[in-house]
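Presented below is the structure to which this report refers.
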Amino acid sequence: MKRNRLTSRLSALLVCLVLLAALLPTTAQASYSVYVNAKDGLGLNLRAGPGTEYATVRSSPVPMYTRLTISRTETSAAGNPWGYTSYDGVSGWVCLVETTTYDPIPVQTQSSPSQADFFIYVNAKDGLGLNIRGGPGTEYHTVRSQPIPMYTRLHITLTDTSSTGATWGYTSYDGVSGWVCLVETTTYDPTPVPEQELEPQPLGPTVPDVQDTQDTQETQQNQEPAAPATVQADSDSAVAAPVMTMAIGILIGLLAAILVVLIVIAARKKK
């Protein structure tokens, strides 16, 4: 009887231990490599513990396609596998669901890229810059969280054609290498040039226009016949002035003579 009771108690204790082990996260030693392959294409956060409830220990995510060495694994409370790793001198946990054990950068097999050596400028139609991708086509993930800024000068070392027939170029920017769509670029610098203010024209005589000179000459020719009339009018005035003066003198003389005669007659009457 006592033996049956002891067996029952041991069985119950074993069940409790199994349930407790199931509730606790499991940790396993490991040593293998993974590559960041986040579904949103923005990289993978490095956290203080195996779960999204833990704070991030790095201000920016681990970049896409980065190779990481996993030293141990653990299952989170949500049931997802997490791996402990180090990147850029910072250690922490990453969600292994957002990684692959092979290099996820797609390899173009449809055609072979051609060697190139020329420069282009980003000139995206939407004015927001140009994405740099893991392969020559929009079906490839972006390898940089932000687009390359407008009007940036890029060196193209390879060219290839996408599945849609567009031409893509392989380049590097800000330490990241990848492919850009050459349809969204130009071979000349498209940076807008500010409008220059018009310089004030110097004051002074200007060279007359040929048409203006001809118009002036025609005007002078049309006015030249009127000159003799002015001369004739001046001559008539010069002749009329002495005649009028002479007539006035004669009239005054006649009046004076009449006055003298009247005085003489008046004197004789008094006598």
Side-chain angles (χ1 to χ4, degrees), residues 33-47 52 56-70 83 85-192:
S33 296
V34 296
Y35 296 86
V36 176
N37 191 27
K39 295 179 177 63
D40 59 8
L42 301 179
L44 188 57
N45 285 321
L46 192 64
R47 297 183 177 273
T52 55
T56 58
V57 295
R58 194 169 181 273
S59 59
S60 58
V62 180
M64 289 288 291
Y65 312 134
T66 301
R67 186 174 181 264
L68 300 173
T69 300
I70 303 299
T85 187
S86 296
Y87 175 76
D88 197 21
V90 181
S91 297
W93 294 84
V94 293
C95 182
L96 298 180
V97 175
E98 302 284 344
T99 66
T100 61
T101 55
Y102 60 89
D103 189 348
I105 298 180
V107 179
Q108 183 74 8
T109 57
Q110 294 181 356
S111 61
S112 298
S114 303
Q115 295 293 325
D117 184 15
F118 60 91
F119 290 90
I120 51 95
Y121 296 86
V122 176
N123 192 27
K125 296 178 178 63
D126 59 8
L128 301 178
L130 187 58
N131 286 321
I132 183 168
R133 298 181 178 273
T138 54
E139 66 270 19
Y140 296 89
H141 285 300
T142 56
V143 295
R144 189 172 183 271
S145 59
Q146 298 293 329
I148 300 174
M150 289 288 289
Y151 314 134
T152 301
R153 186 171 184 259
L154 300 174
H155 182 209
I156 302 299
T157 57
L158 295 171
T159 58
D160 204 349
T161 304
S162 68
S163 57
T164 60
T167 304
W168 289 66
Y170 188 80
T171 188
S172 296
Y173 175 76
D174 197 23
V176 179
S177 298
W179 294 83
V180 294
C181 182
L182 298 183
V183 175
E184 302 284 343
T185 67
T186 60
T187 55
Y188 60 89
D189 187 356
T191 305

Worked check of side-chain contact (heavy atoms from CB on, under 4.5 Å) between Tyr65 and Val143: CA-CA 8 Å; Tyr65 312 134; Val143 295; 3.2 Å; yes
Contacts of Ser145 that satisfy side chain to side chain contact (heavy atoms under 4.5 Å, CB included) - sequence neighbours left out: Leu42
Within-4.5 Å side-chain heavy-atom neighbours: Leu44 and Pro61: no
Residues that Ser114 engages under side-chain hydrogen bond (donor to acceptor under 3.5 Å, both in side chains), provided they are two or more places apart: none
For Thr186, all residues meeting side-chain hydrogen bond (donor to acceptor under 3.5 Å, both in side chains), sequence neighbours excluded: none
Which atom pairs, one a donor and one an acceptor, fall under 3.5 Å between side chains of residues 172-185 and the rest of the protein, sequence neighbours left out?
from	atom 1	to	atom 2	distance (Å)
Ser172	OG	Ser177	OG	2.7
Asp174	OD2	Arg144	NH2	3.4
Glu184	OE1	Lys125	N	2.9
Thr185	OG1	Leu182	O	2.8

Side-chain heavy-atom pair Met64, Asn37 within 4.5 angstrom cut-off: yes
Whether His155 and Phe119 hold their rings parallel, tilted or perpendicular, with breakpoints at 30° and 60°: parallel
Nearest-0.5 Å distance that lies between atom OG1 in Thr56 and atom CG in Asn45: 6.0 Å
Sequence-distant partners of Thr52, side-chain hydrogen bond (donor to acceptor under 3.5 Å, both in side chains), two or more places apart: none
Under 3.5 Å donor-acceptor, Thr85 side chain and Ile70 backbone: no
CD1 on Ile132 to CH2 on Trp168, rounded to 0.5 Å: 10.0 Å
For Asp40, all residues meeting side-chain hydrogen bond (donor to acceptor under 3.5 Å, both in side chains), sequence neighbours excluded: none
Pro113 versus Asp160, closest heavy-atom pair with distance: CG-OD2, 3.7 Å
Residues in side chain to side chain contact (heavy atoms under 4.5 Å, CB included) contact with Thr164, at least two apart in sequence or another chain: Ser162, Ala166
Straight-line distance of Asp117 CG to Leu158 CG, nearest 0.5 Å: 10.5 Å
Nearest-0.5 Å distance, CG of residue Leu130 to OG1 of residue Thr142: 11.5 Å
Qualifying side chain to side chain donor-acceptor pair (under 3.5 Å) pairs with a residue from residues 129-138, counting only residues at least two apart or across chains: none
Residues 147-154, side-chain donor-acceptor partners within the protein, below 3.5 Å, at least two apart:
from	atom 1	to	atom 2	distance (Å)
Thr152	OG1	Pro149	O	2.7
Arg153	NE	Tyr121	OH	3.4

